[in-house]
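Below: the structure, in structure tokens.
Values below: every heavy atom of this structure, side chains too, minus hydrogens, waters and symmetry copies.
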Amino acid sequence: MKFRSCLLISFLELAGLGGAGHTFARPQSVLPGLGNGARRELIDVNKAPWRILARVQTELGVRCTGFAVAPTVVMTAAHCLWLPATHHYIQPKDIHVLMGYARGGYRQHAQVARFVIPAGYDPANEAGTASNDRATLLMDHPVAVAADLLPAVEVRDGMSAMLVGYPQDRSEVPFGDVECHINGVTVSGLVHHDCEATKGVSGAPLLVRAPEGAWGVGALAVGADVGPGGLAAPLIR
């Protein structure tokens with residue numbers, strides 16, 4: 001998956017020496033977006049609020065994360081659908097959406113009838129247009145029910161957040177960080193968070209807790225830091 005790193009990936013660093021009286025610090029991950037990965041956990045995608053979660057995969061082997069926003073509409077990251085070798089987007093018929101995927105099983109499977117990319121997104125200028133790195137997938141049949149859908153929420157600094165998807169190192173299960181926060185919004189409109197998430201989580205919903213206590217979707221994951229945290233494209237601007 002093309003879950004872009006915002007900075008260069010750091011090397012493993014070990015602190016301390018072996019032997020009596022010394023302990024080893026747990027190494028940082030070589031994957032972008034993770035610290036030591038200890039905050040992440042396995043998620044039940046058959047329970048709220050995660051019933052909206054989907055694995056988005058193509059017949060060319062690309063795997064990202066997505067989420068339902070309407071019974072027949074799923075969102076993911078636009079860069080997941082771009083083919084650098086041909087400088088074109090993949091054909092809709094070659095995109096599959098698996099709702100509630102875990103260890104080879106899923107509640108619903110559908111193919112994409114067509115998709116829409118914002119005019120402001122340019123795959124040749126990802127850094128400058130990442131706030132529009134969204135793809136709206138129109139499915140060939142319903143994949144979600146209205147009762148499971150979450151509202152779009154405007155993101156504010158300091159909000160509690162959760163980010164779950166299908167990361168490269170745990171690609172067969174929904175795995176993520178449910179105890180993280182929003183750190184702010186960049187001048188280009190990108191949402192910065194401290195959630196642990198890495199490659200494969202592109203397109204996942206960044207959930208935020210609204211003032212009244214309910215969870216909603218604030219943004220869509222598009223990039224990662226060197227350590228824990230990354231960037232997401234807001235749903236409301």
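Taking a cutoff of 4.0 Å between a charged side-chain nitrogen and a carboxylate oxygen, R170 and E41 do not qualify as a salt bridge.
Between the side chain of T129 and the backbone N or O of P123, no donor-acceptor pair lies under 3.5 Å. The main-chain N or O of V45 is found under 3.5 Å from a side-chain atom of R107 such that the two form a donor-acceptor pair. Between the side chain of E196 and the main chain of G35, a donor-acceptor pair closer than 3.5 Å is present. Checked by atom type and distance alone, the side chain of D225 never pairs as donor or acceptor with a backbone atom of G227 at under 3.5 Å. A donor-acceptor pair is defined here as one N or O able to donate and one able to accept, closer than 3.5 Å; such a pair exists between the side chain of Y166 and the backbone of Y101. Put simply, the side chain of Q111 gets close to the backbone of K93: a donor and an acceptor are under 3.5 Å apart.
By the 4.5 Å heavy-atom criterion applied to side chains, F67 and M75 are counted as neighbours.
Hydrophobic clustering, with ILVMFWY side chains joined whenever heavy atoms are under 4.5 angstrom apart, groups L83 together with Y121.
Under the side chain to side chain contact (heavy atoms under 4.5 Å, CB included) criterion, A110 pairs with M139, D140, H141, V143, sequence neighbours left out. Applying the side chain to side chain contact (heavy atoms under 4.5 Å, CB included) criterion to V73, with sequence neighbours excluded, gives V69, A70, T136, L138. Applying the ring pair (Phe, Tyr, Trp, His ring centres under 6.0 Å) criterion to H192, with sequence neighbours excluded, gives no partner residue. Not counting sequence neighbours, the partners of A77 by the side chain to side chain contact (heavy atoms under 4.5 Å, CB included) test are H79, C80, D133, S202, L220. By the ring pair (Phe, Tyr, Trp, His ring centres under 6.0 Å) test, H109 pairs with H96, sequence neighbours left out.
Surrounding CD of E59 are more than 12 heavy atoms belonging to other residues, nucleotides or ligands, all under 6.0 Å away.
Here the shortest heavy-atom pairing between A219 and P234 reads CB-CA, 3.7 Å.
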Atom pairs and distances, donor-acceptor, side-chain atoms in residues 148-161, under 3.5 Å, two or more places apart:
from	atom 1	to	atom 2	distance (Å)
D148	OD1	R51	NE	3.4
D148	OD2	R51	NE	2.9
D157	OD1	G184	N	3.4

